[in-house]
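For the single chain, residues carry numbers from 1 onward in sequence order.
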Amino acid sequence: MTHPRPTTGTPTADPDPTPATPPAPAPRPAPATPLAQSPPAALHAHLRTHLTGAARAWLDQALDEAATHPGAHGPISVWELRLAEAGRRCGAEYADAVRVLILLAARADADAAGRVYSQGTGPERRAVLHALPHLVPGPDALPLVEDALRTNDTGLLGAAVGPYAARHLAPHQWRHAVLKCLFTGVPVNVVADLERRARADTELARMLDDYAAERTAAGRPVPEDLYRVLALTEAGSPPPPHGSVHPHGKES
């Protein structure tokens, strides 16, 4: 489908202060780097720039506590309590990044990550998934990713397809994760290492073609992201430009 693009021009003089036509909309900002793909140092610097003084002080204390008393201490560790407070102390906009830094400071291993995930709220589970690439070097935490991929929670799904899944998820599961993103509306730009893993993947291409055919037969729109991923499956082919006709006969 071809999308109209806003046009701009130089307005003519008009004694009426009311413009004859509404101004062109401001361009959308470029999408931010997905949280799980941001280096911890960059997250910390971003938070120190944007948090209020009281929130920064709380974060510094929470990180010091987590670094001094990592691991499990009694029924629940101090740093686990801080995970629950992050939204109230730092605001929902920054809570995910704050929780990731606390998990890293506490050096949470696969067992600790699994405990927080199983007992935590949705935002706490999301933070665990974001932190996995920095916490667990091997595939031990894959059950957490697999659990998130079984949900329809778009926040969990977006966190589940980060660098940890790109590194450890088996091809069959990874392909279904990409399809799940398309099905639920999770933008594929959050799928870590998408270009490398999709390149020349003929099975993924078949699955995408089948999904597009099903949507078309049902009279439903095909997500534009599908054509982007489909283009990546063709070795050496860059994604088609916005609004161009796709080589499979579809217009993106």
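How far CG of Leu142 is from CG of Leu149: 9.5 Å, rounded to the nearest 0.5 Å. Rounded to the nearest 0.5 Å, atoms OG1 (Thr151) and CG (Leu156) are 5.0 Å apart. Once rounded to the nearest 0.5 Å, the distance linking CG of Leu230 with CG of Leu204 reads 8.0 Å. If you take OG1 on Thr49 and NE2 on His44, they are separated by 10.0 Å, rounding to the nearest 0.5 Å. The line from OG of Ser77 to CG of Leu83 is 9.5 Å long, rounded to the nearest 0.5 Å. In this structure, Met207 CE and Glu203 CD are separated by 6.0 Å, a value rounded to the nearest 0.5 Å.
The shortest heavy-atom contact between Ala159 and Leu129 is CB-CB, 3.7 Å. Listed here is the closest heavy atom pair of Pro139 and Pro143: O-CD, 4.4 Å. The minimum heavy-atom distance between Leu43 and Ala97, with the atom names listed, is CD2-CB, 4.2 Å. What you find for Arg125 and Gly120 is that their closest heavy atoms are NE-O, 3.6 Å. When all heavy atoms are compared, the tightest approach of Val186 to Val190 is CG1-CG2, 3.6 Å. Of all heavy-atom pairs spanning Leu104 and Ala131, the tightest one is CD2-O, 4.2 Å.
Residues Arg115 and Glu80 are paired through a salt bridge, judged by an N-O separation under 4.0 Å between the basic side chain and the carboxylate. A salt bridge is defined here as a Lys NZ or Arg NE, NH1 or NH2 lying under 4.0 Å from an Asp or Glu carboxylate O, and Glu146 with Arg150 fails to meet this definition.
The list of salt bridge (charged side-chain N to carboxylate O under 4.0 Å, His left out) pairs with a residue in residues 184-193, not counting sequence neighbours, reads Asp193-Arg196. Within the structure, every pair that satisfies the salt bridge (charged side-chain N to carboxylate O under 4.0 Å, His left out) test and touches residues 170-179, not counting sequence neighbours, is listed here: Arg175-Asp201.
Counting only heavy atoms from C-beta outward, the side chains of Val136 and Asp109 never approach each other to under 4.5 Å. At least one side-chain heavy atom of Trp79 sits less than 4.5 Å from a side-chain heavy atom of Val116. In this structure, Val178 and Phe183 have side chains that are not in contact, with every pair of non-hydrogen atoms separated by 4.5 Å or more. Taking 4.5 Å as the limit, every side-chain heavy atom of Glu124 sits out of range of all side-chain heavy atoms of Tyr117. Residues Leu208 and Tyr227 have side chains not in contact (no heavy-atom distance under 4.5 Å, counting atoms from C-beta outward). Between Thr202 and Thr233 there is no side-chain heavy-atom pair separated by less than 4.5 Å. By the 4.5 Å heavy-atom criterion applied to side chains, Val191 and Cys181 are counted as neighbours. The closest side-chain heavy-atom distance from His69 to Val78 is not below 4.5 Å.
Take Arg126 and apply the side-chain hydrogen bond (donor to acceptor under 3.5 Å, both in side chains) test, not counting sequence neighbours, and it matches Asp96. Take Asp210 and apply the salt bridge (Lys or Arg N to Asp or Glu O under 4.0 Å) test, not counting sequence neighbours, and it matches Arg206.
Between the side chain of Arg215 and the backbone N or O of Val222, no donor-acceptor pair lies under 3.5 Å. Between the Asp225 side chain and the Val188 main chain, a donor and an acceptor come within less than 3.5 Å of each other. The backbone N or O of Leu157 sits nowhere less than 3.5 Å from a side-chain atom of Lys180 that would complete a donor-acceptor pair.
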(request) Mind running salt bridge (charged side-chain N to carboxylate O under 4.0 Å, His left out) on Glu195 and Arg199 for me, showing each step along the way? (result) CA-CA 6 Å; Glu195 183 173 352; Arg199 185 179 293 116; 3.4 Å; yes

(message) The test is side chain to side chain contact (heavy atoms under 4.5 Å, CB included); show your working for Arg99 and His130 and say whether it passes.
(response) CA-CA 9 Å; Arg99 292 186 177 106; His130 285 312; over 6 Å; no

Run the side-chain donor-acceptor check on residues 161-171: report pairs under 3.5 Å with partners two or more places apart or on a different chain.
residue, atom, partner, partner atom, Å
Tyr164, OH, Gly138, O, 2.4
Tyr164, OH, Asp140, N, 3.4
Tyr164, OH, Ala141, N, 3.0
His168, NE2, Pro137, O, 3.3

Validation: residues 55-62 side-chain donor-acceptor distances under 3.5 Å, sequence neighbours left out:
residue, atom, partner, partner atom, Å
Arg56, NH1, Leu51, O, 2.7
Trp58, NE1, Glu85, OE1, 3.2
Asp60, OD1, Arg48, NH1, 3.0
Asp60, OD2, Arg48, NH1, 3.2
Gln61, NE2, Glu65, OE2, 3.2

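Summarising the local packing, CD of Gln173 is surrounded by more than 12 heavy atoms from other residues, nucleotides or ligands at distances under 6.0 Å.
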